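Note that the coordinates shown come from a computational prediction; the quantities given were computed from them, not determined experimentally. We count ligands from 1, going down the list as the structure has it; atoms in each ligand are counted the same way. Just the heavy atoms: all of them, side chains too, but no hydrogens, waters or symmetry mates, feed the values below.
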Amino acid sequence: MTSRRHFLATSAGASLAGSLLAQVPQSRSANDQIQIAIIGAGGQGSDDVRSSLAAGAKLVAASDIYQGRLTRAREVFGKDILVTRDYREVLARRDVDAVIVATPDHWHQKIAVDAMNAGKDVYLEKPMVQRIDDGKIVVGAQQKTGRILQVGSQRVSSIVYQKARELMQSGAIGQLNMVEAWWDRNSAIGAWQYSIPPDATPENIDWDRFLGRAPKVPFEPVRLFRWRNYRDYGTGVAGDLFVHLFSGMHFVTGAIGPTRVYAAGGLRFWKDGRDVPDVLLGLYDYPQTARHPAFNLALRVNFVDGGSENSGFRFIGTDGILTIGSGVTVSKSPREAEPGYTIDTFPKAIQEQFLKKYREEYPRGTPSADAIRPQVEDRYLPPQGYSDHRDHHRNFLEAVRSRKPVVEDAVFGFRAAGPALLSNVSYFEQRVCNWNPETMVAGS
Ligand SMILES: NC(=O)c1ccc[n+]([C@@H]2O[C@H](COP(=O)([O-])OP(=O)(O)OC[C@H]3O[C@@H](n4cnc5c(N)ncnc54)[C@H](O)[C@@H]3O)[C@@H](O)[C@H]2O)c1
């Protein structure tokens with residue numbers, strides 16, 4: 001079988017080859033090792049590479065605008081990898097089949113589109129895009145080029161979420177009416193106060209290339225190393241964390257998105273110059289569709305939770321609750337067979353009249369073992385050491401080989417990112433936002 005590495009004959013012709021490849025997507029043998037490059041070799045990029053290597057890929061190049069991350073990439077992944085500050089050099093390489101894009105959010109759209117146009121398959125970190133307007137550009141480029149694009153919310157590949165989906169589909173909690181999900185933290189690092197290296201100098205950092213399309217500002221390392229705290233580069237807690245909750249919830253319920261978005265919150269504690277809230281609540285309407293009944297979603301991120309650090313999901317139905325934490329739990333507490341009464345404050349004669357009628361309708365039975373209502377709690381735990389991140393990369397690499405669809409394509413990714421980004425619009429503009437999840441268009 002011809003591998004794409006051989007097919008791409010000249011590096012100068014990478015973009016031409018990319019467009020040719022878009023017309024002739026090729027599958028490849030399972031033994032043909034996929035060669036990847038990382039663009040944005042920070043915390044998540046390094047984890048992505050580890051998971052991708054564990055899933056069978058080979059790293060051949062790394063790009064980052066901070067020299068220290070390139071030095072570190074060679075220390076960790078081998079001195080033979082190509083390192084460069086300019087990601088376009090990576091895209092021009094013939095030996096790169098796929099790229100992982102793990103830059104700050106404001107670069108996602110541009111690098112992903114450039115990569116697909118250069119004939120590369122793309123593993124694109126979440127949130128898929130930084131701005132609503134970016135979404136259709138990535139979806140369109142993916143469809144036009146025919147490249148494989150997997151968005152990096154790994155829960156969608158998790159066996160835990162798969163189990164939750166199966167349980168929901170089998171009616172384990174009856175009819176869904178509400179979903180709650182939260183992500184609470186209580187630490188400086190949890191609140192994104194990441195370390196700033198002592199060699200963060202203009203010589204070691206390509207500042208203009210970090211800024212990209214963001215407003216030009218003087219060199220200030222905190223903006224790079226703690227980019228999540230600035231709307232110019234990140235997407236706040238909604239884009240960073242709500243988006244994982246949307247992805248996981250959409251996967252479990254089959255939902256594609258809410259129609260109404262409302263968010264409230266504030267900057268309550270981590271007043272370190274950031275311009276995003278550290279407490280955010282989101283409320284979302286999911287009308288009935290063929291895939292699910294009407295339900296409401298309530299999301300919460302609190303970076304100032306003095307009590308605990310935890311995150312989780314509760315899917316609430318007419319007959320029980322399904323909880324996702326490290327595993328899945330289904331709890332059921334059936335309602336009483338008879339409704340009961342509140343007649344104490346009625347006159348005695350009226351009480352008697354009421355009771356007579358009530359007992360005709362609900363005769364008093366003799367208590368028996370059959371009348372005992374079971375309080376059920378079933379727990380499903382993944383094997384120790386299970387990694388959904390590795391499974392997500394495996395799914396991506398399989399798709400690169402087979403040219404079959406991934407679990408989290410650009411449409412899925414945008415349907416998770418869209419309402420997350422609108423949560424920011426709602427918070428900052430203090431208004432309810434409308435969203436059409438079918439067409440992925442925001443209303444007024
Ligand atoms: N899937 C997950 O669970 C998960 C977890 C954490 C982060 N993420 C996502 O991964 C992405 C990276 O987050 P992170 O925590 O690794 O941040 P990070 O700051 O640790 O890494 C980002 C890297 O990108 C580099 N960079 C900036 N502009 C660049 C450019 N133009 N070209 C090349 N490199 C550039 C930076 O120098 C930095 O090394 C974000 O989109 C984030 O939302 C996903």
Side-chain angles (χ1 to χ4, degrees), residues 37-52 61-73 76 83-91 99-112 114-115 122-130 134 138 150-158 183 189-190 192-197 199-200 204-214 221-230 232-248 276 311 387-393 396 408 413 416-417 420-421:
I38 177 69
I39 300 176
Q44 184 62 13
S46 305
D47 279 354
D48 280 327
V49 170
R50 283 188 199 95
S51 287
S52 187
S63 172
D64 203 290
I65 54 85
Y66 164 46
Q67 195 61 35
R69 294 251 155 86
L70 296 176
T71 305
R72 183 66 182 154
V76 175
V83 293
T84 170
R85 292 184 182 191
D86 184 350
Y87 73 87
R88 292 169 302 181
E89 257 189 75
V90 164
L91 300 186
V99 294
I100 295 169
V101 181
T103 59
D105 307 342
H106 68 306
W107 269 105
H108 285 190
Q109 181 256 103
K110 168 95 175 109
I111 297 179
D114 284 354
V122 179
Y123 184 101
L124 176 56
E125 266 305 340
K126 48 53 58 175
M128 185 177 97
V129 288
Q130 187 201 21
D134 293 338
V138 175
Q150 171 96 304
V151 178
S153 267
Q154 57 273 11
R155 288 154 190 244
V156 173
S157 288
S158 163
W183 206 317
I189 289 175
W192 303 337
Q193 290 191 337
Y194 299 138
S195 307
I196 298 172
D199 68 346
N204 284 330
I205 291 169
D206 189 333
W207 186 246
D208 285 342
R209 197 170 275 140
F210 161 62
L211 292 180
R213 71 181 183 182
V222 69
R223 298 178 79 85
L224 165 60
F225 291 97
R226 299 180 183 176
W227 57 265
R228 281 175 171 79
N229 294 337
Y230 304 90
D232 286 344
Y233 326 112
T235 48
V237 294
D240 204 63
L241 298 173
F242 280 8
V243 77
H244 276 302
L245 304 175
F246 278 112
S247 304
V276 291
S311 70
S387 162
D388 53 8
H389 197 228
R390 192 176 302 172
D391 272 355
H392 206 45
H393 278 278
F396 172 64
E408 195 177 355
L421 299 178

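- Close N/O approach between Asp105 and ligand 1 is found [any backbone or side-chain N/O within under 3.5 Å].
- Shortest non-hydrogen contact noted between Gln154 and His244 is OE1-CE1, 4.2 Å.
- Residue Val99 comes nearest to Ala115 through the heavy atom pair CG2-CB, 3.7 Å, listed as atom of the first residue, atom of the second, then distance.
- Judged by distance alone, the side chain of Ser157 and the main-chain N or O of Asp388 form no donor-acceptor pair under 3.5 Å.
- Near Pro104, meaning under 4.0 Å from any of its heavy atoms, are these atoms of ligand 1: 22 (C), 24 (O), 26 (N), 27 (C), 28 (N).
- The single protein non-hydrogen atom nearest to atom 9 (C) of ligand 1 is Lys126 O, 3.5 Å, given as residue, atom name and distance.
- Using a 4.0 Å cut-off between heavy atoms, Ile205 makes no contact with ligand 1 at all.
- Leu224 contributes atom CG, which lies 10.5 Å from atom OH of Tyr230 (distance to the nearest 0.5 angstrom).
- The closest protein non-hydrogen atom to atom 30 (C) of ligand 1 is Ile65 CG2, 3.7 Å.
- Listed by number with element, the atoms of ligand 1 under 4.0 Å from a non-hydrogen atom of Asp240 are 43 (O).
- Within 6.0 Å of atom CZ in Arg85, more than 12 heavy atoms from other residues, nucleotides or ligands are found, so the atom counts as buried in its surroundings.
- Heavy-atom proximity to Arg69, at under 4.0 Å, picks out these atoms of ligand 1: 38 (C), 39 (O).
- Remark: minimum distance from atom 11 (C) of ligand 1 to any protein heavy atom is reached at Thr103 O, 3.3 Å.
- Minimum heavy-atom separation, Val49 to Ile38: CG2-CB, 3.7 Å.
- Judged by distance alone, with hydrogens and angles left aside, the side-chain atoms of Gln150 form a donor-acceptor pair with the main-chain N or O of Glu408 at under 3.5 Å.
- Classified by interplanar angle (parallel below 30°, tilted 30° to 60°, perpendicular above 60°), the ring pair Phe210/Tyr233 is tilted.
- What sits closest to atom 7 (C) of ligand 1 on the protein, heavy atoms only, is Arg228 NH2, 3.1 Å.
- Other residues, nucleotides and ligands contribute more than 12 heavy atoms inside 6.0 Å of the CZ atom of Arg209.
- With a 4.0 Å cut-off on non-hydrogen atoms, Gln44 touches ligand 1 through its backbone as well as its side chain.
- Contact atoms of ligand 1 toward His108: 41 (O) (distance under 4.0 Å to a heavy atom of the residue).
- Summarising the geometry of Pro221 relative to Ile196, their closest heavy-atom pair is CB-CG2, 4.1 Å, with the distance given to 0.1 Å.
- Under a 4.0 Å heavy-atom criterion, Ala102 is in contact with ligand 1.
- Close contacts between ligand 1 and Gly42 involve ligand atoms 16 (O), 20 (O), 21 (O), 23 (C), 39 (O) [criterion: under 4.0 Å to a heavy atom].
- Nearest heavy-atom pair across His393 and Ser52 is ND1-CB, 3.8 Å.
- Atom CD of residue Gln130 and atom CH2 of residue Trp107 lie 11.5 Å apart, to the nearest 0.5 angstrom.
- From the protein, the heavy atom lying nearest to atom 18 (P) of ligand 1 is Trp227 NE1, 3.7 Å.
- Side-chain atoms of Asp232 and His106 form no donor-acceptor pair, as typed in the model, at a separation below 3.5 Å.
- Contacts of Arg85 with ligand 1, taken as heavy-atom pairs under 4.0 Å, are absent altogether.
- Atoms of ligand 1 lying under 4.0 Å from any heavy atom of Gly152, numbered from 1 in the order shown and given with element: 1 (N).
- The distance from ligand 1 to the heavy atoms of Gly43 drops below 4.0 Å at these ligand atoms: 16 (O), 20 (O).
- Of all protein heavy atoms, the one closest to atom 10 (O) of ligand 1 is Glu125 CG, 3.3 Å.
- Heavy atoms of Asp48 come nearer than 4.0 angstrom to ligand 1 in no pair at all.
- Near Gln154, with a cut-off below 4.0 Å to any heavy atom, the atoms of ligand 1 are 1 (N), 2 (C), 3 (O).
- The nearest protein atom to atom 36 (C) of ligand 1, hydrogens excluded, is given as Asp64 OD1, 3.4 Å; this is a heavy-atom distance.
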